[in-house]
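Just so you know, ligand 1 is whichever comes first in the structure, and atom 1 is the first atom listed for that ligand. Below, all heavy atoms of this structure are taken into account, side chains as well, without hydrogens, waters or symmetry copies.
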Amino acid sequence: MSYMVQTSSVARKPSISPSKITTYLACPVKYRYTYVDDRARWLLRAKSYYSFGTTLHRVLQRFHDSGDAGVTTTAQVLAAYEESWIDAGFSSAEEMAEAYGEGKEILERHVAETLSRPVEAKTLFVERQLRYDLGEFVLIGRLDRVDEYDDGTLEVVDYKSGRETVTEEDVSSDIAMNCYQLLLRNKYPGRPIRARILALRSSSSAAYAMSDTEFEEFERDISTLAKMILTEDIYERKAVRKPMCEYCDFLPACKQDPDFA
Ligand code: SF4
(Lines give C-alpha, C1' and ligand atoms only; values in the text may rest on other atoms or scores of the structure.)
Protein backbone atom coordinates (compact mmCIF):
# COMPACT_ATOMS: atom_id res chain seq x y z
CA MET A 1 0.00 0.00 0.00
CA SER A 2 1.59 3.30 -1.02
CA TYR A 3 0.58 6.52 0.68
CA MET A 4 0.61 9.56 -1.56
CA VAL A 5 0.09 12.31 0.98
CA GLN A 6 1.16 13.61 4.35
CA THR A 7 4.52 11.83 4.23
CA SER A 8 7.02 14.57 4.90
CA SER A 9 9.78 12.07 5.66
CA VAL A 10 10.34 8.42 4.95
CA ALA A 11 10.04 7.44 8.60
CA ARG A 12 6.93 9.45 9.33
CA LYS A 13 3.48 7.89 9.24
CA PRO A 14 0.78 9.67 7.29
CA SER A 15 -1.55 11.71 9.44
CA ILE A 16 -5.20 12.57 9.33
CA SER A 17 -6.99 15.31 11.25
CA PRO A 18 -10.57 16.53 11.61
CA SER A 19 -9.78 19.44 9.26
CA LYS A 20 -8.41 17.13 6.60
CA ILE A 21 -11.41 14.80 6.88
CA THR A 22 -14.03 17.57 6.73
CA THR A 23 -12.25 19.29 3.84
CA TYR A 24 -12.06 16.00 1.92
CA LEU A 25 -15.73 15.22 2.53
CA ALA A 26 -16.73 18.71 1.40
CA CYS A 27 -14.61 18.56 -1.78
CA PRO A 28 -11.73 16.16 -2.56
CA VAL A 29 -10.22 18.70 -4.98
CA LYS A 30 -10.16 21.34 -2.26
CA TYR A 31 -8.43 18.76 -0.03
CA ARG A 32 -5.84 18.23 -2.76
CA TYR A 33 -5.13 21.94 -3.14
CA THR A 34 -5.04 22.49 0.62
CA TYR A 35 -2.94 19.54 1.77
CA VAL A 36 -1.24 17.80 -1.15
CA ASP A 37 -0.67 19.97 -4.20
CA ASP A 38 0.67 23.42 -3.30
CA ARG A 39 0.54 24.87 -6.82
CA ALA A 40 -2.69 26.77 -6.08
CA ARG A 41 -1.69 27.77 -2.55
CA TRP A 42 -1.07 31.35 -3.74
CA LEU A 43 -4.82 31.71 -4.31
CA LEU A 44 -5.55 31.42 -0.58
CA ARG A 45 -6.83 34.67 0.89
CA ALA A 46 -6.98 35.79 4.51
CA LYS A 47 -10.51 35.51 5.93
CA SER A 48 -11.95 37.90 8.48
CA TYR A 49 -13.77 35.07 10.26
CA TYR A 50 -10.53 33.11 10.68
CA SER A 51 -8.79 36.20 12.04
CA PHE A 52 -11.67 36.84 14.44
CA GLY A 53 -11.86 33.22 15.60
CA THR A 54 -8.11 32.90 16.04
CA THR A 55 -7.97 36.09 18.11
CA LEU A 56 -10.74 34.88 20.44
CA HIS A 57 -9.12 31.46 20.76
CA ARG A 58 -5.79 33.02 21.75
CA VAL A 59 -7.37 35.17 24.43
CA LEU A 60 -9.53 32.35 25.83
CA GLN A 61 -6.47 30.11 25.84
CA ARG A 62 -4.69 32.57 28.11
CA PHE A 63 -7.76 33.16 30.31
CA HIS A 64 -8.29 29.44 30.95
CA ASP A 65 -4.62 28.49 31.14
CA SER A 66 -3.92 27.85 34.82
CA GLY A 67 -0.23 28.40 34.09
CA ASP A 68 -0.90 31.94 32.80
CA ALA A 69 -1.59 34.11 35.84
CA GLY A 70 -1.52 37.34 33.81
CA VAL A 71 -4.99 37.10 32.24
CA THR A 72 -7.57 36.49 34.96
CA THR A 73 -9.71 39.66 35.10
CA THR A 74 -11.93 41.37 32.53
CA ALA A 75 -9.43 44.23 32.17
CA GLN A 76 -6.56 41.79 31.58
CA VAL A 77 -8.63 39.79 29.12
CA LEU A 78 -9.46 42.93 27.14
CA ALA A 79 -5.80 44.01 27.17
CA ALA A 80 -4.83 40.55 25.85
CA TYR A 81 -7.59 40.91 23.23
CA GLU A 82 -6.13 44.18 21.99
CA GLU A 83 -2.62 42.68 21.87
CA SER A 84 -3.80 39.54 20.06
CA TRP A 85 -6.07 41.17 17.49
CA ILE A 86 -5.46 39.95 13.94
CA ASP A 87 -6.63 42.41 11.30
CA ALA A 88 -6.12 40.26 8.19
CA GLY A 89 -9.03 39.66 5.84
CA PHE A 90 -11.35 42.52 6.80
CA SER A 91 -12.73 44.44 3.83
CA SER A 92 -12.91 47.83 5.58
CA ALA A 93 -12.09 49.62 8.81
CA GLU A 94 -15.83 49.70 9.61
CA GLU A 95 -16.18 45.94 9.23
CA MET A 96 -13.17 45.42 11.47
CA ALA A 97 -14.44 47.86 14.10
CA GLU A 98 -17.78 46.06 14.21
CA ALA A 99 -16.08 42.68 14.62
CA TYR A 100 -13.78 44.09 17.28
CA GLY A 101 -16.81 45.32 19.25
CA GLU A 102 -18.54 41.94 18.95
CA GLY A 103 -15.42 40.17 20.17
CA LYS A 104 -15.17 42.51 23.14
CA GLU A 105 -18.78 41.79 24.12
CA ILE A 106 -18.24 38.04 23.75
CA LEU A 107 -15.16 38.12 25.98
CA GLU A 108 -16.71 40.36 28.63
CA ARG A 109 -19.72 38.06 28.87
CA HIS A 110 -17.58 34.91 28.90
CA VAL A 111 -15.38 36.21 31.69
CA ALA A 112 -18.35 37.43 33.78
CA GLU A 113 -20.15 34.10 33.43
CA THR A 114 -17.05 32.04 34.14
CA LEU A 115 -16.14 34.02 37.25
CA SER A 116 -19.71 34.01 38.63
CA ARG A 117 -20.25 30.24 38.21
CA PRO A 118 -19.37 27.86 41.03
CA VAL A 119 -16.14 26.04 40.18
CA GLU A 120 -17.13 22.53 39.06
CA ALA A 121 -14.04 21.60 37.13
CA LYS A 122 -10.43 22.53 36.70
CA THR A 123 -8.80 23.13 33.35
CA LEU A 124 -6.45 20.26 32.60
CA PHE A 125 -4.88 21.86 29.53
CA VAL A 126 -5.55 24.33 26.72
CA GLU A 127 -4.65 24.29 23.01
CA ARG A 128 -2.86 20.99 22.94
CA GLN A 129 -2.33 18.62 20.07
CA LEU A 130 -3.04 14.95 20.78
CA ARG A 131 -2.01 12.01 18.59
CA TYR A 132 -3.39 8.50 18.32
CA ASP A 133 -1.41 5.92 16.39
CA LEU A 134 -3.96 3.84 14.52
CA GLY A 135 -1.48 1.53 12.81
CA GLU A 136 -1.19 2.68 9.22
CA PHE A 137 -1.76 6.34 10.08
CA VAL A 138 -1.84 8.75 13.00
CA LEU A 139 -4.97 10.66 14.00
CA ILE A 140 -4.08 14.13 15.23
CA GLY A 141 -6.23 16.91 16.65
CA ARG A 142 -5.73 20.20 18.47
CA LEU A 143 -8.08 20.52 21.43
CA ASP A 144 -9.13 24.02 22.56
CA ARG A 145 -9.56 23.11 26.23
CA VAL A 146 -9.99 20.05 28.43
CA ASP A 147 -11.68 20.35 31.83
CA GLU A 148 -11.44 17.74 34.56
CA TYR A 149 -14.46 17.23 36.86
CA ASP A 150 -14.41 15.91 40.41
CA ASP A 151 -15.93 12.59 39.34
CA GLY A 152 -13.00 12.07 36.94
CA THR A 153 -14.89 13.06 33.78
CA LEU A 154 -12.78 14.79 31.14
CA GLU A 155 -14.64 17.27 28.97
CA VAL A 156 -13.19 18.69 25.78
CA VAL A 157 -14.55 22.17 25.13
CA ASP A 158 -14.55 23.51 21.57
CA TYR A 159 -15.10 27.25 21.01
CA LYS A 160 -17.20 28.27 18.00
CA SER A 161 -16.80 31.98 17.38
CA GLY A 162 -19.40 32.24 14.61
CA ARG A 163 -22.24 30.25 16.13
CA GLU A 164 -25.34 31.38 17.99
CA THR A 165 -26.90 27.99 18.76
CA VAL A 166 -25.84 24.42 19.34
CA THR A 167 -27.67 21.21 20.21
CA GLU A 168 -26.64 17.85 21.66
CA GLU A 169 -27.22 16.35 18.21
CA ASP A 170 -24.82 18.90 16.68
CA VAL A 171 -22.12 17.67 19.06
CA SER A 172 -22.86 13.97 18.58
CA SER A 173 -22.73 14.24 14.78
CA ASP A 174 -19.66 16.47 14.59
CA ILE A 175 -16.67 14.56 13.19
CA ALA A 176 -14.15 16.82 14.92
CA MET A 177 -15.83 16.43 18.32
CA ASN A 178 -15.89 12.65 17.89
CA CYS A 179 -12.19 12.71 16.93
CA TYR A 180 -11.38 14.79 20.01
CA GLN A 181 -13.23 12.33 22.27
CA LEU A 182 -11.37 9.42 20.66
CA LEU A 183 -8.01 11.17 21.14
CA LEU A 184 -8.83 11.93 24.76
CA ARG A 185 -10.00 8.40 25.47
CA ASN A 186 -6.78 7.04 24.01
CA LYS A 187 -4.65 9.36 26.15
CA TYR A 188 -6.68 8.80 29.34
CA PRO A 189 -8.03 5.23 29.10
CA GLY A 190 -10.79 4.35 31.54
CA ARG A 191 -11.83 7.95 32.20
CA PRO A 192 -15.37 9.13 31.35
CA ILE A 193 -15.11 11.41 28.31
CA ARG A 194 -17.48 14.11 27.08
CA ALA A 195 -17.38 16.78 24.38
CA ARG A 196 -18.93 20.25 24.56
CA ILE A 197 -19.38 22.91 21.89
CA LEU A 198 -19.56 26.46 23.26
CA ALA A 199 -21.26 28.92 20.89
CA LEU A 200 -19.44 32.08 21.90
CA ARG A 201 -21.89 34.58 20.39
CA SER A 202 -24.71 33.46 22.70
CA SER A 203 -22.83 31.55 25.45
CA SER A 204 -25.08 28.58 24.76
CA SER A 205 -23.49 25.18 24.83
CA ALA A 206 -24.33 21.51 24.42
CA ALA A 207 -22.47 18.36 25.32
CA TYR A 208 -22.43 14.73 24.29
CA ALA A 209 -20.65 11.64 25.62
CA MET A 210 -20.05 8.79 23.20
CA SER A 211 -20.88 5.27 24.37
CA ASP A 212 -18.37 2.41 24.17
CA THR A 213 -20.20 1.11 21.11
CA GLU A 214 -20.08 4.52 19.45
CA PHE A 215 -16.34 4.75 20.13
CA GLU A 216 -15.76 1.35 18.52
CA GLU A 217 -17.88 2.19 15.49
CA PHE A 218 -16.32 5.62 15.08
CA GLU A 219 -12.78 4.30 15.32
CA ARG A 220 -13.58 1.67 12.70
CA ASP A 221 -15.26 4.21 10.39
CA ILE A 222 -12.56 6.81 10.76
CA SER A 223 -9.88 4.20 10.02
CA THR A 224 -11.66 3.12 6.85
CA LEU A 225 -12.15 6.72 5.73
CA ALA A 226 -8.60 7.76 6.56
CA LYS A 227 -7.10 4.85 4.64
CA MET A 228 -9.29 5.71 1.66
CA ILE A 229 -8.27 9.39 1.76
CA LEU A 230 -4.60 8.65 2.24
CA THR A 231 -4.31 5.98 -0.45
CA GLU A 232 -6.44 7.31 -3.27
CA ASP A 233 -4.82 9.02 -6.24
CA ILE A 234 -6.18 12.45 -5.39
CA TYR A 235 -4.91 13.87 -8.71
CA GLU A 236 -7.49 11.72 -10.48
CA ARG A 237 -10.32 13.63 -8.81
CA LYS A 238 -12.17 16.05 -11.06
CA ALA A 239 -13.51 19.38 -9.86
CA VAL A 240 -17.30 19.25 -9.65
CA ARG A 241 -19.32 22.48 -9.47
CA LYS A 242 -21.34 22.90 -6.26
CA PRO A 243 -22.72 25.82 -4.22
CA MET A 244 -19.56 26.09 -2.07
CA CYS A 245 -17.43 26.77 -5.18
CA GLU A 246 -18.60 30.41 -5.23
CA TYR A 247 -16.86 31.00 -1.88
CA CYS A 248 -13.80 28.84 -2.54
CA ASP A 249 -10.37 30.42 -3.03
CA PHE A 250 -9.45 27.67 -5.50
CA LEU A 251 -12.23 28.53 -7.97
CA PRO A 252 -9.79 30.16 -10.47
CA ALA A 253 -7.71 26.95 -10.49
CA CYS A 254 -10.77 24.74 -11.01
CA LYS A 255 -11.98 26.98 -13.83
CA GLN A 256 -8.84 26.02 -15.78
CA ASP A 257 -10.39 22.57 -16.24
CA PRO A 258 -12.48 22.66 -19.44
CA ASP A 259 -14.87 20.08 -17.93
CA PHE A 260 -15.64 22.32 -14.93
CA ALA A 261 -19.01 23.77 -15.91
S1 SF4 B 1 -13.88 25.57 -6.55
FE2 SF4 B 1 -15.33 23.95 -6.03
S3 SF4 B 1 -14.50 22.09 -7.00
FE4 SF4 B 1 -12.85 23.62 -6.91
S5 SF4 B 1 -11.76 23.16 -5.03
FE6 SF4 B 1 -13.25 24.73 -4.55
S7 SF4 B 1 -15.06 23.63 -3.83
FE8 SF4 B 1 -13.77 22.15 -4.89
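Backbone or side-chain N, O or S atoms of Cys27 reach atom 8 (Fe) of ligand 1 at under 2.8 Å.
Side-chain N or O atoms of Glu95 include one that pairs as donor or acceptor with a backbone N or O of Ser91 at under 3.5 Å. Judged by distance alone, the side chain of Thr55 and the main-chain N or O of Ile86 form a donor-acceptor pair under 3.5 Å.
Among all protein heavy atoms, the one lying closest to atom 2 (Fe) of ligand 1 is Cys245 SG, 2.3 Å.
Considering each of Cys248, Cys254, Pro243, the one bringing a non-hydrogen atom nearest atom 4 (Fe) of ligand 1 is Cys254. When the heavy atoms of Arg237, Arg32, Met244 are ranked by distance to atom 7 (S) of ligand 1, first place goes to Met244.
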*asked:* Please evaluate residues Lys20 and Ser15 with respect to the criterion side-chain hydrogen bond (donor to acceptor under 3.5 Å, both in side chains), reporting the C-alpha separation (whole Å), side-chain torsions for both, the decisive distance (0.1 Å), and the verdict.
replied: CA-CA 9 Å; Lys20 285 181 178 177; Ser15 67; 3.3 Å; yes

_Working note: Phe90 + Phe52, criterion ring-ring contact (aromatic ring centres under 6.0 Å, His included); need CA distance, chi angles, decisive distance, verdict._
CA-CA 10 Å; Phe90 290 95; Phe52 183 69; 7.6 Å; no

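Using a 30° and 60° split on the angle between ring planes, Tyr24 and Tyr31 fall in the perpendicular class, above 60°.
Between Glu217 and Thr213, the side chains place no donor N or O within less than 3.5 Å of an acceptor N or O (distance only, hydrogens not considered).
With ligand atoms numbered from 1 in the order given, ligand 1 contributes 1 (S) to contacts under 4.0 Å with heavy atoms of Leu251. Distances below 4.0 Å separate heavy atoms of Val240 from the following atoms of ligand 1: 3 (S).
Judged by the shortest distance from any of its heavy atoms, Lys242 lies inside the 4.0 Å radius around the atoms of ligand 1.
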